[in-house]
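Numbering of ligands and ligand atoms starts at 1, following listing order. The analysis underlying the following values was restricted to heavy atoms, covering all of them including side chains, and did not include hydrogens, waters or symmetry mates.
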Amino acid sequence: MNYHVLTLFPDMIRDCMNYSITGKAMEKGLLSLNCVNIRDYTRNKHQKVDDYIYGGGAGLLMQAEPVYLAYRALVSQMGITLPDTDGTKEEVYEAFAKKKKPRVVMMTPVGKLFTQKMAEDFSKEEDLIFLCGHYEGIDERVLEMIVTDPVCIGDYVLTGGELASMVVMDAVSRLVPGVLHNEESAQTESFSEDLLEFPQYSRPEVFMGEAVPPVLLSGHHANVEQWRREESLKRTKKYRPDLLEKASLTRKDELFLAQVEKNSPL
Ligand code: SAM
């Protein structure tokens, strides 16, 4: 997986991605990270990337030109030749008709809510371009030309798209084959089946007087599986009942949930 990030703060991305599992995956060549500083593509003396917003309103907006030029330079390395800024939107689309438009994930509150399913979808790509906004965001004209996937990481507003893009990259990286030691862990985690994960325990068997649930020490595989399934169902019902509507539940799951409801009505 090759990540390309269009950003005003490349060091922020590099510093964070170099740690832990993503850092090791980069060392192994399973992931690569190419940060493009949008400011390097300004054509004014002071390398200014933002300006006032037409129609008034608070704050400043990132201008279309440096974002477009940074993107243009990046895709030229992928064999796509785009016109300079004296060209037109139609010419840009013509270039994409000749060569597949790369996927550009725009981090924005005005986008689809990021989910594990989206992460799975992104993980199948060879190249992913992330576009990070700042200030009040980015001029809509360039977004219309280049963005394929506007993505929001939650119903709140951050100061910039860098943290948001790292959230998405982190979630996607775990699904790239070879990045996690144990592939199974990605398959049984929260959201993988629209259920939250069951509680987990490690040594010691008793901590501050609290014992690990006995079933987990029983060595009885089927009982452990049933306990985990029931705990997942209980937790999902408690914290994220909205997920249960999408989850594929068996008749046994439904009976169990009905029983839970009867014993502790909400
Ligand atoms: N004016 C914008 C709005 O109301 O939608 C918010 C701009 S925000 C201050 C600056 C940048 O942070 C955005 O362009 C985007 O890249 C990023 N950002 C903020 N919140 C985000 C979220 N929840 N998900 C993804 N990106 C976000």
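Ser123 places no side-chain N or O within 3.5 Å of a backbone atom of Val172 that could act as its donor or acceptor partner. In this structure, the side chain of Asp253 engages the main chain of Thr250 through a donor-acceptor pair within 3.5 Å. Without hydrogens or angle criteria, Thr22 side chain to Asp170 main chain gives no donor-acceptor distance under 3.5 Å.
Close approach to Ala164 involves these atoms of ligand 1, each under 4.0 Å from a residue heavy atom: 25 (C), 26 (N). Ligand 1 places these atoms under 4.0 Å from at least one heavy atom of Gly133: 11 (C), 14 (O), 16 (O). Counting atoms of ligand 1 from 1 in the listed order, those under 4.0 Å from a heavy atom of Gly161 are 12 (O), 16 (O), 17 (C). Listed by atom number, the atoms of ligand 1 under 4.0 Å from Gly137 heavy atoms are 14 (O).
For ligand 1, the polar-atom distance check against Pro109 finds no nitrogen or oxygen pair separated by under 3.5 Å. Ligand 1 has no nitrogen or oxygen under 3.5 angstrom from a nitrogen or oxygen of Val157. Between Met106 and ligand 1, no N or O atom pair is found at a separation short of 3.5 Å.
The single protein non-hydrogen atom nearest to atom 19 (C) of ligand 1 is Leu158 N, 3.2 Å, given as residue, atom name and distance. Looking from atom 23 (N) of ligand 1 to the surrounding protein, the closest heavy atom is Tyr156 O, 2.8 Å. For atom 16 (O) of ligand 1, the closest non-hydrogen atom of the protein is Met107 O, 2.6 Å. For atom 2 (C) of ligand 1, the nearest non-hydrogen atom of the protein is Glu136 O, 3.6 Å. Looking from atom 25 (C) of ligand 1 to the surrounding protein, the closest heavy atom is Thr108 N, 3.3 Å.
Ligand 1 lies out of reach of Asp155, whose nearest heavy atom is not under 4.0 Å from it. In this structure, Tyr135 has a heavy atom closer than 4.0 Å to ligand 1.
Counting heavy atoms under 4.0 Å from ligand 1, residue Val151 touches it through the backbone alone. Residue Cys152 touches ligand 1 through backbone and side chain together, judged by heavy-atom distances below 4.0 Å. Contacts with ligand 1 closer than 4.0 Å are made by heavy atoms of both the backbone and the side chain of Ile153.
Less than 4.0 angstrom separates atom 14 (O) of ligand 1 from at least one non-hydrogen atom of the protein.
At a threshold of 4.5 Å between non-hydrogen side-chain atoms, the residues Leu82 and Phe96 count as touching. The side-chain heavy atoms of Leu233 and Leu249, taken from C-beta on, include a pair separated by under 4.5 Å.
Each of Arg228, Arg229, Lys246 was compared with Glu193 under the salt bridge (charged side-chain N to carboxylate O under 4.0 Å, His left out) criterion, and only Arg229 meets it.
By the 4.0 Å N-to-carboxylate-O rule, Lys24 lies too far from Glu27 to be salt-bridged with it. Using a 4.0 Å cut-off between charged nitrogen and carboxylate oxygen, Glu254 and Arg251 count as a salt-bridge pair.
Within the structure, the salt bridge (charged side-chain N to carboxylate O under 4.0 Å, His left out) test picks out the following pairs touching residues 76-91 (sequence neighbours left out): Arg43-Asp84.
Note on ring orientation: taking the six-membered ring where Trp is involved, the planes of Phe9 and His134 are tilted (angle from 30° to 60°).
Other residues sharing a hydrophobic cluster with Phe207 under the 4.5 Å side-chain heavy-atom criterion for ILVMFWY residues are Met208.
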